[in-house]
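Written out below as structure tokens is the structure these notes cover.
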Amino acid sequence: MHHITPVVLAGGSGTRLWPLSRALYPKQFLALSGTSTLFQQACLRLAALADAHTTIAAPLVVGNEEHRFMLLEQLREIGTNQATLLLEPTGRNTAPALTLAALASRAAHGDDSILVVTPADQTVTDGPAFTRALRQAVAAAADGSLVTLGIVPDRPETGFGYIHSEGADAVRLVKAFVEKPDRATAERYLADGGYAWNSGMFVLRASVWLAALAHFRPDIAQATETAWAGRSTDASFVRPDKAAFAAIPGESIDYAVMEPCPADAASGFSVKMVPLDAGWSDLGAWDAVWQVSDRDAQGNASHGDALIEDSRNTLVHATSRLVGVIGLDDVVVVETPDAVLVTDRSRSQQVKQIVASLQREGRNEGTLHRRVHRPWGWYDSVDAGARFQVKRILVKPGATLSLQMHHHRAEHWIVVSGTAEVTCGESKRLLTENQSTYIPLGEVHRLANPGSIPLEIIEVQSGSYLGEDDIVRFSDTYGRADGVGTDRK
């Protein structure tokens with residue numbers, strides 16, 4: 001009987017899928033293939049490992065502190081309510097992230113649990129083949145090996161690292177990890193047959209990972225142990241000590257442990273690879289999204305309200321309006337309410353340069369969508385001028401916003417649907433559809449949804465300053481700090 005602990009690494013930013021992916025809404029939270037998000041798909045794939053010979057613990061999710069409520073909500077949507085969320089205060093790459101998960105697994109299950117580790121932002125089209133490969137990897141990891149999944153290549157890809165293995169068995173000994181090759185070298189790897197793409201998925205015992213890290217990178221091992229020892233726990237959220245975590249050297253699983261292993265036979269650690277041929281993609285750029293999308297006879301793929309005429313091998317992704325294209329070959333068009341991307345499909349990796357420009361210029365389009373998700377629901381900035389701003393706000397059933405006030409703006413609320421419980425100063429009253437209220441500048445107020453259906457309101461703000469940081473929070477249901485803050489509502 002094997003005891004498995006799923007580990008989902010969900011801290012990525014996915015800047016190459018801008019404008020759909022943003023820093024505070026990265027690609028793992030997007031439904032790019034199918035109806036569930038990439039993060040949800042990753043969780044469900046690992047849950048499918050359960051059988052008569054395998055028990056599966058509640059998943060460990062390593063993610064960004066700022067994404068915690070999105071993680072929790074997306075887990076709730078797929079019925080995964082027992083997960084532990086290990087929240088990184090800052091990104092330190094995958095080696096410390098996996099170490100947090102190993103330490104959490106050790107605390108909950110002892111050293112012998114087998115960690116099945118996957119990034120949260122990949123897709124697989126052949127679920128049964130994926131499950132078969134993972135079960136082979138679990139059996140190898142049970143014997144003490146560090147196991148990785150190698151993607152069977154179907155083209156000379158220069159954007160991935162490679163794994164060089166020997167043999168033709170279901171489980172193969174890894175000879176070396178190889179950096180991203182040039183085109184000629186990638187073609188030689190494909191012809192050779194002994195090379196696979198590095199998937200970033202690993203299967204290993206918690207105790208073996210911790211021992212290997214202590215051998216190869218004792219600095220990372222010790223620093224992560226220190227951060228873990230100072231952790232705090234709040235329901236399903238576990239936070240390592242912030243200052244100690246920031247002091248951990250940032251490093252990937254590959255560089256920290258996997259790459260040194262094959263060259264150090266005296267270490268006693270063995271790295272093995274299970275080939276995976278299951279329609280895998282890391283969706284690392286819009287070209288990869290096109291590759292996994294359903295396409296018409298001319299090679300065109302579309303999402304949303306799109307009209308494509310006289311075009312070939314083109315992707316159109318529309319989210320909020322009709323997008324029409326004519327006479328385009330090998331082009332990607334991505335539309336969102338506040339930004340549009342048009343790029344040659346072969347150059348879609350360069351989208352990250354646009355994101356870098358947005359960051360240098362201090363523009364919000366690289367960080368947030370127009371619709372911003374919050375633990376209580378979302379708000380959408382519909383219109384704005386010099387002294388006004390209009391927003392649609394949706395509050396989930398039973399949810400409550402923080403008790404707060406604003407120094408520089410007043411607000412008008414109009415209920416579109418549902419029931420609103422409005423606190424304004426000393427008064428509290430219920431508003432229903434088509435009713436409205438006024439919140440004067442400087443007044444302490446709160447919005448809540450006491451009903452069983454979503455509450456939607458239109459908010460009109462007016463004042464001399466309408467920035468999201470004009471908020472003084474007095475009490476909050478979601479554990480956000482009281483006082484002046486930058487997190488609206």
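Since the model is a prediction, treat every value here as computed from it, not as a measurement.
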Distance (rounded to the nearest 0.5 Å) between [X] [atom1] and [Y] [atom2]:
X      : Y      : atom1 : atom2 : answer
Gln349 : Thr158 : CD    : OG1   : 8.5 Å
His407 : Asp469 : NE2   : CG    : 11.0 Å
Leu71  : Leu85  : CG    : CG    : 5.0 Å
Asp330 : Leu328 : CG    : CG    : 10.0 Å
Gln122 : Ser281 : CD    : OG    : 8.5 Å
Lys428 : Arg446 : NZ    : CZ    : 8.0 Å

Could you label the plane-to-plane angle of the Trp413 and His445 rings as parallel, tilted or perpendicular, counting under 30° as parallel and over 60° as perpendicular?
-> perpendicular
Would you say that [X] contacts [Y] through its side chain, given a criterion of any heavy-atom pair below 4.5 Å between the two side chains?
X      : Y      : result
Thr37  : Gln28  : no
Phe237 : Phe69  : yes
Arg239 : Arg68  : yes
Ser417 : Pro454 : no
Val390 : Ile458 : yes

Does [X] use its side chain to pair, donor to acceptor, with the backbone of [Y] at less than 3.5 Å?
X      : Y      : value
Thr148 : Met201 : yes
Asn449 : Ala420 : no
Thr319 : Glu335 : yes
Asp296 : Asn300 : yes
Arg345 : Trp286 : no
Arg321 : Pro337 : yes
Glu365 : Leu358 : no
Trp290 : Gly299 : yes
Ser199 : Leu149 : yes
His406 : Asp470 : yes

Go through the side-chain N and O atoms of [X] and [Y] and say whether any donor and acceptor fall under 3.5 Å apart.
X      : Y      : value
Ser320 : Arg371 : no
Ser346 : Asp344 : yes
Gln298 : Ser311 : no
Ser357 : Arg360 : yes

Identify the heavy atoms of [X] and [Y] that sit nearest to each other, and give their distance.
X      : Y      : value
Ala47  : Ile56  : O-CD1, 3.7 Å
Ala339 : Arg22  : CB-NH2, 4.0 Å
Gly425 : Glu443 : CA-OE2, 3.4 Å

Exactly one candidate in Leu30, Leu75, Leu44 meets side-chain contact (heavy atoms from CB on, under 4.5 Å) with Phe39; the answer is Leu75
Of Leu283, Asp282, Leu32, the residue whose pairing with Thr123 passes side-chain contact (heavy atoms from CB on, under 4.5 Å) = Leu283
If you look only at pairs with a residue in residues 89-107, which of them pass as a side chain to side chain donor-acceptor pair (under 3.5 Å), with sequence neighbours excluded?
-> Thr99-Trp209, Arg106-Glu225
[X] bridged to [Y] by N-O distance under 4.0 Å:
X      : Y      : result
Asp310 : Arg312 : yes
Lys391 : Glu468 : yes
Lys396 : Glu73  : yes
Arg370 : Asp338 : no

Counting only heavy atoms not in Glu361, do more than 12 fall under 6.0 Å of its CD?
-> yes
More than 12 non-hydrogen atoms from neighbouring residues, nucleotides or ligands closer than 6.0 Å to CD1 on Ile326, yes or no?
-> no
Is the His373-Phe29 ring centre distance short of 6.0 angstrom?
-> no
What about Trp378 and His369, are their ring centers closer than 6.0 Å?
-> no
